[in-house]
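Structure in structure tokens, see below.
None of these values were measured; they are calculated from a predicted model. By convention here, the first residue in the shown sequence is residue 1.
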Amino acid sequence: MRRQQNDEDTVSLSRTVLRVIIPLAVLLLIATAAVWGAGTLLGQLVSRDPDTGTTCSRLTDQCTDLPLATIEHQTGYTFPAGTEVLASTMGAGTFLDGSDYRVLTARLRLPAGSALPTSNDPQSHISVLSTEDDGSILIGVRTDNGKSMN
């Protein structure tokens, strides 16, 4: 009688364990699939160019970490050797009337003793943000000329 009770207890315990483990395993499998799927989707929406370091979002049409060459191309400025890009963003979109726009903003550090460059692009502008103790000049650059990324 005692052996039969022990066997029934073992079977009951096994069923209870299976009732808990199977749903937890299924839940873990679903969570893993969701995380993997989200990572795959995010990887398709945000891309990073290994050559330039530029990161672009397909969702927002915005790029960050633009190289100096791209900033020069977009703005028409030629910056002196040693210019450092501190921050840069370029975004694009469409106005309600259907026309496209593209805006680039950047924060740069020009080497000490550098003159501010000029551009023939009337929609590109430079503003001096500050002069550092070492003589380098922090500038803000902006253009909304609508040029394509390349």
Locate the shortest heavy-atom distance separating Cys63 from Leu66; write the atom from each residue and the value. CB-CD2, 4.0 Å
Qualifying residues under side-chain contact (heavy atoms from CB on, under 4.5 Å), relative to Ser127, sequence neighbours excluded: Leu129
So, taking the atom named CG in Leu110 and the one named OG1 in Thr83, what distance separates them when rounded to the nearest 0.5 Å? 4.5 Å
Does the Thr75 side chain pair with the main chain of Ile71, one donor and one acceptor, at a distance under 3.5 Å? yes
Does Ser88 use its side chain to pair, donor to acceptor, with the backbone of Ala106 at less than 3.5 Å? no
NE2/His125 to CD1/Ile139 distance, rounded to the nearest 0.5 angstrom? 13.5 Å
Could you give the distance from CG (Asp144) to OG1 (Thr105), rounded to the nearest 0.5 Å? 11.0 Å
Do the side chains of Val141 and Leu68 join up, straight or via other hydrophobic residues, at under 4.5 Å, putting them in one cluster? yes
Here the gap from Gln74 atom CD to Gln123 atom CD, rounded to the nearest 0.5 Å, amounts to 12.0 Å
Kindly compute the distance separating OH (Tyr77) from CG (Asp121), expressed to the nearest 0.5 Å. 8.0 Å
Same cluster or not: are Phe79 and Leu138 linked, directly or through other Ile, Leu, Val, Met, Phe, Trp or Tyr residues, by side-chain heavy atoms under 4.5 angstrom apart? no
Closest non-hydrogen atoms of Ala81 and Pro111, given as atom of the first, atom of the second and distance, are O-CG, 3.2 Å
Quickly, which of Ile126, Val103, Leu104 forms a side chain to side chain contact (heavy atoms under 4.5 Å, CB included) with Arg142? Name it, please. Val103
Around atom CG of Asp134, are there more than 12 heavy atoms from other residues, nucleotides or ligands closer than 6.0 Å? yes
Could you tell me whether a side-chain N or O of Ser119 sits under 3.5 Å from a main-chain N or O of Ser124, the two making a donor and an acceptor? no
Check whether any side-chain heavy atom of Thr78 sits under 4.5 Å from a side-chain heavy atom of Pro117, and report yes or no. no
Donor on one side chain, acceptor on other, Thr64 and Gln62, under 3.5 Å: no
